[in-house]
A.B. asks: 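I'd like to ask some things about the structure below.
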Amino acid sequence: MRYWLMKSEPSDVSIDDLASFPNQSVAWYGIRNYQARNFMRDQMQVDDAVLFYHSSCDQPGIAGLARVSRLAYPDETQFDTSNKYFDPKATHETPRWLNVDVQLVKKTRLMPLKEIREYPELEHMRILQRGNRLSITPVDPREYEFILSKL
DNA sequence: GCCAACGTTGGC
DNA sequence: GCCAACGTTGGC
């Protein structure tokens, strides 16, 4: 069992969007970074815990708890020429990009990025490091438990 | 809108 | 395999 932080732009999929979807679940499409893809492919298991993070928005921060509900499988958007995530080098025979499914566990209060920065217990989190851009990052179990205790 | 950081691309 | 150019991310 591992712990993850996954960034989503709320203008694309917010925590409330997730809550409104069938099964309160979504395919985590659009990951086009190999390191993030490899986390999904090689490490994510069903029931891994996810911190659902809102990025590129007015109030960046942790917005809820989720879980991995399906193992990695090919991301359909890579095959769709009309999709912004279309990848001409991907084929059904040799897909490049994968996604897991993520299911809502519970919406929480928003823990703003600013607050996350204030806790010495969380100072090593990947999202706080200079220049971090990865949209999927592993979270230490102690960090996860600490965050839970503050939500 | 700015800009630092960093990943990817492609010519050599 | 190097590396400059370019594109993207994401907080501010």
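Note on naming: letters A, B, ... go to the chains in the order of the sequence lines (proteins, then strands), and numbering restarts at 1 for each one. Hydrogens, waters and symmetry mates play no part in the numbers below; they use all other heavy atoms, side chains included. Just so we're clear, the structure is a prediction, and the values are computed from it rather than from any experiment.
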A.B. asks: Sequence neighbours left out, what passes ring-ring contact (aromatic ring centres under 6.0 Å, His included) with A:Tyr29? Give chain and number order.
C.D. replies: none
A.B. asks: Would you say A:Tyr119 and A:Glu123 are linked by a side-chain donor-acceptor pair, where the criterion is simply a distance under 3.5 Å?
C.D. replies: no
A.B. asks: Return the 5'-most residue of the pair A:Lys89, A:Asn132 with respect to DNA chain B, ranking by each residue's nearest nucleotide.
C.D. replies: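 By nearest-heavy-atom nucleotide position, the 5'-most residue is A:Asn132.
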A.B. asks: Run the ring-ring contact (aromatic ring centres under 6.0 Å, His included) check on A:Tyr144 and A:Trp4 step by step: do they pass?
C.D. replies: CA-CA 9 Å; A:Tyr144 182 84; A:Trp4 306 95; over 10 Å; no
A.B. asks: Sequence neighbours excluded, which residues qualify as ring-ring contact (aromatic ring centres under 6.0 Å, His included) partners of A:Phe86?
C.D. replies: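 In terms of ring-ring contact (aromatic ring centres under 6.0 Å, His included), with neighbours along the sequence ignored, A:Phe86 is linked to no residue.
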A.B. asks: Where does the chain A footprint on DNA chain C start and end, counting 5' to 3' with a 4.0 Å heavy-atom cut-off?
C.D. replies: C:dG7 to C:dC12
A.B. asks: Of A:Arg133 and A:Tyr53, whose closest DNA chain C nucleotide lies nearer the 5' terminus?
C.D. replies: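 Nearest-nucleotide comparison on DNA chain C picks A:Arg133.
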A.B. asks: Is there a donor-acceptor contact under 3.5 Å from the side chain of A:Asp48 to the main chain of A:Arg2?
C.D. replies: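 Yes, the answer is positive, given that a donor and an acceptor are paired below the 3.5 Å cut-off.
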